[in-house]
Amino acid sequence: MTTELESSPHPITIQEHILNQQRTHATATGGFSWLLSGITQAAKIISASVRRAGILDVLGDAGDSNVSGEQQQKLDILANKSLEMCLGFRGNIGVIASEELNEPKVVPKSGASGKYVVIFDPLDGSSNIDVNVSVGTIFAIYERDTTGFNGFDAVADVLQPGIKQLAAGYIVYGSSTVMTYTTGNGVHMFTLDPSVGSFVLAFENIKMPETGKYYSVNEANYNSFPKGYQEYLKWCKTEEAGPYSARYIGSLVADFHRTLLRGGIFLYPPTAKAPGGKLRLTYEANPIAWLAEQAGGEANDGKMRILEKVPQSVHDRTPLVVGGKKDVARLMKYMEMYGDEDVPQASTKAATKATAKAVAK
Ligand code: AHM
Ligand code: MG
């Protein structure tokens, strides 16, 4: 007689999945899987804090700002500490860098002999924390670049192009907690089962639809987008386009998560306020771009592939366009057509101001 346990499908945990992936690499030692399990451990701690945010004293500003001049939230700091703690004792991580740390850190326990570099945004979309909207963690893992290595240049270890990532992923703390990762062998997604504390396989080898029905952008910045973006967005609203629907959460992780599953395009173009883009290359754009490519999508900065950009500093910013292959290709046609042409023309600005004045009367 088959018992209920024997007949029920075997839930694959993220640990098992990572180990199975590891077995496909003949030279793997297990160290890398050990490292990834540090990230899942931190994700569980952060998830528990996010879930109880209104109960614990973790909402609101921490009263300090990070290197980018942004107000740090208490949960930003807690998430950063959780990752530092869970990764710091793995023994094989040489360097960590984070949105919340001014400079990369050499990990004291493994020091200069640690083989890996882990770069993360501990809690992306933190302006959404206090209003119960999805936030996330993003991470990228590299091997230390030992070419011409003097043993102590933590900054040089971090300034590697995204194409050299060994693993990348994100955790979204949404209606459920979901972790998505790639090691260059497809994109896999796991849901945290809070009753047993395990991430269980939800989707293996996810493929992003080539085209979707959503565009995702902070359209309040429309007036200062370069013309190529503006013309593309105008097209999205035409009958020929469908038209598309707009979706914008304001948490990159959540906006990308939807784009990965449903298709469409996410854009954060250059703006008057952030002419070089707002999002950070090393711990936001690079991991997201690799996941997109691994799922059959594309990611660029409106001109070139994100993964080929060489960061000049740890907190470099970049414009970001990411989505289904066909959606991104169409946007690029508009970019090629209009180049770096800026808008609005002075006359358009004046007309907008005059109308606003008349309406205010
Ligand atoms: P953060 O890392 O400080 O939270 O900022 C990054 C966030 C992204 O999650 C999101 O895509 C973007 O900022 C939203 O910016 P905006 O409010 O300008 O639309
Ligand atoms: Mg962020």
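No hydrogens, no waters, no symmetry mates; every other heavy atom, side chains included, goes into these values. Please read these numbers as outputs of a predicted model, since none were measured by experiment. For ligands, and for the atoms within them, numbers begin at 1 and follow the listed sequence. By convention here, the first residue in the shown sequence is residue 1.
- As for E284, its N/O/S atom nearest the Mg ion (ligand 2) is the one called OE2.
- For F199 and H17, the gap between ring centers reaches or exceeds 6.0 Å.
- Of the listed options Y248, F266, F256, Y283, Y248 places a heavy atom closest to atom 14 (C) of ligand 1.
- Between the R317 side chain and the K278 main chain, a donor and an acceptor come within less than 3.5 Å of each other.
- With respect to R305 and E293, a salt bridge is recorded, a charged nitrogen being found less than 4.0 Å from a carboxylate O.
- Taking the N/O/S atoms of D121 in turn, the shortest distance to the Mg ion (ligand 2) belongs to OD2.
- In terms of polar-atom proximity, N218 is counted as a contact of ligand 1, with an N or O under 3.5 Å from an N or O of the ligand.
- H188 and Y181 have their aromatic ring centers within a separation under 6.0 angstrom.
- Between L252 and ligand 1, at least one N/O pair is under 3.5 Å apart.
- Ion pair E336/K333 not flagged as a salt bridge, since none of the NZ, NE, NH1 or NH2 atoms sits closer than 4.0 Å to an Asp/Glu carboxylate oxygen.
- The atoms of ligand 1 that sit less than 4.0 Å from any heavy atom of S126 are 4 (O).
- The ligand atoms of ligand 1 that sit less than 4.0 angstrom from a heavy atom of S251 are 9 (O).
- Taking all atoms of both residues into account, the shortest heavy-atom contact from T40 to M179 is CG2-SD, 3.6 Å.
- For ligand 1, the atoms lying closer than 4.0 Å to a non-hydrogen atom of G125 are 1 (P), 4 (O), 9 (O).
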Derivation and outcome, side chain to side chain contact (heavy atoms under 4.5 Å, CB included), residues D316 and R280: CA-CA 6 Å; D316 263 11; R280 271 51 64 105; over 6 Å; no
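- In the model, S224 has no side-chain atom that pairs as donor or acceptor with a side-chain atom of N221 under 3.5 Å.
- Against a heavy-atom cut-off of under 4.0 Å, E99 is close to the following atoms of ligand 1: 1 (P), 2 (O), 3 (O).
- When atom types are taken as modelled, the side chain of Q294 and the backbone of G186 share a donor-acceptor pair closer than 3.5 angstrom.
- Checking only distances, E284 does come within under 3.5 Å of ligand 1, N or O to N or O.
- Ligand 1 has an N or O atom lying under 3.5 Å from an N or O atom of D121, backbone or side chain.
- Contact atoms of ligand 1 toward Y268: 15 (O), 16 (P), 18 (O), 19 (O) (distance under 4.0 Å to a heavy atom of the residue).
- The Mg ion (ligand 2) is closest to atom OD1 of D124 (considering only N, O or S atoms).
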